[in-house]
Amino acid sequence: MSDDSRPSPPAGPSATRTAAVIPAAGRGVRLGPGAPKALRALGGTPMLIHAVRAMAASRAVGTVVVVAPPDGAAEVRSLLDAHALPERTDFLVVPGGQTRQESVKLGLDALPPGHDIVLVHDAARPLVPVDTVDAVIEAVRDGAPAVVPALPLADTVKQVEPAGTPGEPEPVVATPERALLRAVQTPQGFDRNTLVRAHETVTGEVTDDAAMVEQLGLTVVAVPGHEEAFKVTRPLDLVLAEAVLARRRLNDGF
Ligand code: C5P
């Protein structure tokens, strides 16, 4: 197989056309008391900085918009200024909203013209590898209006009738076929105009941006996700994240 037959990396003349919006305005209550989740340290570095570096690691990403807690934009700006980040990338910070959806919309509104692909990446997924980021961008470049990284499920999933009180037994109403289900991660990638239209027209609560594009009637495609792109949600996830970082340090020899 000659070098020419390998897929080309998402760089080149259009390298600055991709932007990443990082919603980081959540409180992270499930992680326990303390600073907003994105500002908590992992391996001595705030989770948000890991997430920002993960996006900027892709040579295709020219701009990163960080959506800060509503009253925390100045703090997040200083945090970015205090950490080494690639010089080829522009970094913007805007205050977020009350819901994730609102925060993403505020980030999109702040995006300068000239980007035709937008990634939306949770600050709570600090360790996503650059190959996953590039695979998402590549699939949008290949024509998909929306792309999600996704993994098969280890657990069987049950649909229940939620109990009014936490801890009460809940009747199971269905068992979807596991082989047809995927756990979806971020960054999710979009044709910019499609994502803007979705945020302008779709109302109602959703838990990811791709769901809004689905509601427009467009096809969302899934590409392989990565086990290291897990969301840091509960205290045990912090332990796992520290272990992944320790393994990377060992492998990288520093
Ligand atoms: O709450 P959840 O884990 O779904 O949050 C996913 C991402 O959305 C996190 O990175 C969080 O900081 C962000 N978020 C936000 N604005 C909110 C709520 C959540 O930017 N109001």
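Both counts, for ligands and for their atoms, begin at 1 and track the order of listing. Excluded from the calculations below are hydrogen atoms, water molecules and symmetry mates; all remaining heavy atoms, backbone and side chain alike, are included.
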Requested in this report: Using non-hydrogen atoms of the residue, decide whether G96 is closer than 4.0 angstrom to ligand 1.
Outcome: no
Query raised in the report: Does Q215 CD have over 12 foreign heavy atoms under 6.0 Å away?
Result: yes
Query raised in the report: Can V67 be said to touch ligand 1, with heavy atoms closer than 4.0 Å?
Result: no
Requested in this report: Could you tell me the residue and atom name of the protein heavy atom closest to atom 9 (C) of ligand 1, and the distance to it rounded to 0.1 Å?
Outcome: P23 O, 3.7 Å
Query raised in the report: Given that the side chain starts at C-beta and the backbone is N, CA, C, O, which of these parts of Q101 lies under 4.0 Å from ligand 1, counting heavy atoms, or is it both or neither?
Result: neither
Query raised in the report: Any idea which atoms of ligand 1 are less than 4.0 Å away from a heavy-atom of K231?
Result: 2 (P), 3 (O), 4 (O)
Query raised in the report: Is K158 salt-bridged to E170, going by a charged N under 4.0 Å from an acidic O?
Result: no
Report summary line: of all protein heavy atoms, closest to atom 20 (O) of ligand 1 is A25 N, 2.9 Å
Query raised in the report: Any side-chain donor paired with an acceptor under 3.5 Å for T45 and H83?
Result: no
Report task. For residues 193-211, pull every pair meeting salt bridge (Lys or Arg N to Asp or Glu O under 4.0 Å), keeping only residues two or more places apart or in separate chains. Result -> R100-D209
Query - By side-chain contact (heavy atoms from CB on, under 4.5 Å) - contacts of A41 (at least two apart) - result: none
Query raised in the report: For atom 16 (N) of ligand 1, what's the nearest protein heavy atom and its distance?
Result: S103 OG, 2.7 Å
Requested in this report: For atom CD of E168, decide whether the heavy atoms of other residues, nucleotides or ligands shown that lie under 6.0 angstrom number more than 12.
Outcome: yes
Query - Non-hydrogen atom of G97 closer than 4.0 Å to ligand 1 - result: yes
Requested in this report: Quick one: look up the protein heavy atom nearest atom 12 (O) of ligand 1 and list residue, atom name and how far away it is.
Outcome: G26 N, 2.9 Å
**Report entry** Contact partition for A123 relative to ligand 1, non-hydrogen atoms under 4.0 Å
**Finding:** both
**Report entry** Test item, R30 contacting ligand 1 (heavy atom, 4.0 angstrom)
**Finding:** yes
